[in-house]
Amino acid sequence: MCAAANLPSGTIYPILARLEREYGWLESEWEDPDISVTDGRPRRRYYRLSNDGAQAARLALAESYQARQSRRRTFGGKPGSAGATS
């Protein structure tokens, strides 16, 4: 997950913990310790969106989409086309 986000674990995991603890947007659970022992690595904590988190994500995506559409109408076209010369 950290590699995919191109951020260190010291940045990602505090954010995940806060989203779970303070907002209830995530749910987490530790994997079975026998699996990590067998694999010779630390236990993993698995996160998933809660129902509230999924609703918040849908709302944020819709708002982001509407904002992009509004900017396109304001600037007349695709992002990056304003002021472009041929």
Side-chain angles (χ1 to χ4, degrees):
M1 177 182 350
C2 297
N6 198 28
L7 293 169
S9 62
T11 300
I12 296 289
Y13 291 105
I15 292 169
L16 293 173
R18 187 173 185 185
L19 289 172
E20 181 178 26
R21 182 183 63 249
E22 294 183 24
Y23 298 99
W25 291 355
L26 296 177
E27 298 169 345
S28 68
E29 62 185 48
W30 287 100
E31 76 175 340
D32 182 334
D34 293 336
I35 295 171
S36 63
V37 169
T38 301
D39 290 349
R41 58 169 172 74
R43 286 174 68 191
R44 293 177 178 160
R45 188 168 187 102
Y46 294 110
Y47 292 88
R48 69 181 160 278
L49 283 172
S50 66
N51 289 336
D52 288 345
Q55 179 69 17
R58 282 191 286 277
L59 180 60
L61 287 170
E63 289 173 354
S64 175
Y65 177 78
Q66 289 175 348
R68 283 193 312 274
Q69 294 304 320
S70 177
R71 281 193 300 274
R72 285 183 178 169
R73 284 189 295 275
T74 300
F75 295 111
K78 297 178 184 173
S81 66
T85 58
S86 325

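Values below: all heavy atoms of this structure, side chains included; hydrogens, waters and symmetry mates excluded. All residue numbers in this chain count up from 1 along the given sequence.
In this structure, the separation between OG on Ser36 and CH2 on Trp30 is 9.5 Å, given to the nearest 0.5 Å. With rounding to the nearest 0.5 angstrom, the CG atom of Asp52 is 9.0 Å from the CD atom of Glu27.
Minimum heavy-atom separation, Ser9 to Pro14: O-CD, 3.7 Å. Of all heavy-atom pairs spanning Asp34 and Thr38, the tightest one is O-OG1, 2.8 Å. Shortest non-hydrogen contact noted between Gly24 and Ser50 is O-OG, 2.5 Å.
Under the side-chain hydrogen bond (donor to acceptor under 3.5 Å, both in side chains) criterion, Arg21 pairs with no residue, sequence neighbours left out. Under the ring pair (Phe, Tyr, Trp, His ring centres under 6.0 Å) criterion, Tyr23 pairs with Trp25, sequence neighbours left out. Under the side-chain hydrogen bond (donor to acceptor under 3.5 Å, both in side chains) criterion, Arg43 pairs with no residue at all, not counting sequence neighbours.
Using a distance-only test at 3.5 Å, with no hydrogens or angles considered, no donor-acceptor pair links the side chain of Asp39 to the main chain of Arg41.
Counting heavy atoms from C-beta outward, Ser64 and Arg68 have side chains that approach closer than 4.5 Å.
Note on Ile15 and Leu7: same hydrophobic cluster, where clusters join Ile, Leu, Val, Met, Phe, Trp and Tyr whose side-chain heavy atoms are under 4.5 Å apart, directly or indirectly.
Within a 6.0 Å radius of OH in Tyr65, other residues, nucleotides and ligands contribute 12 heavy atoms or fewer.
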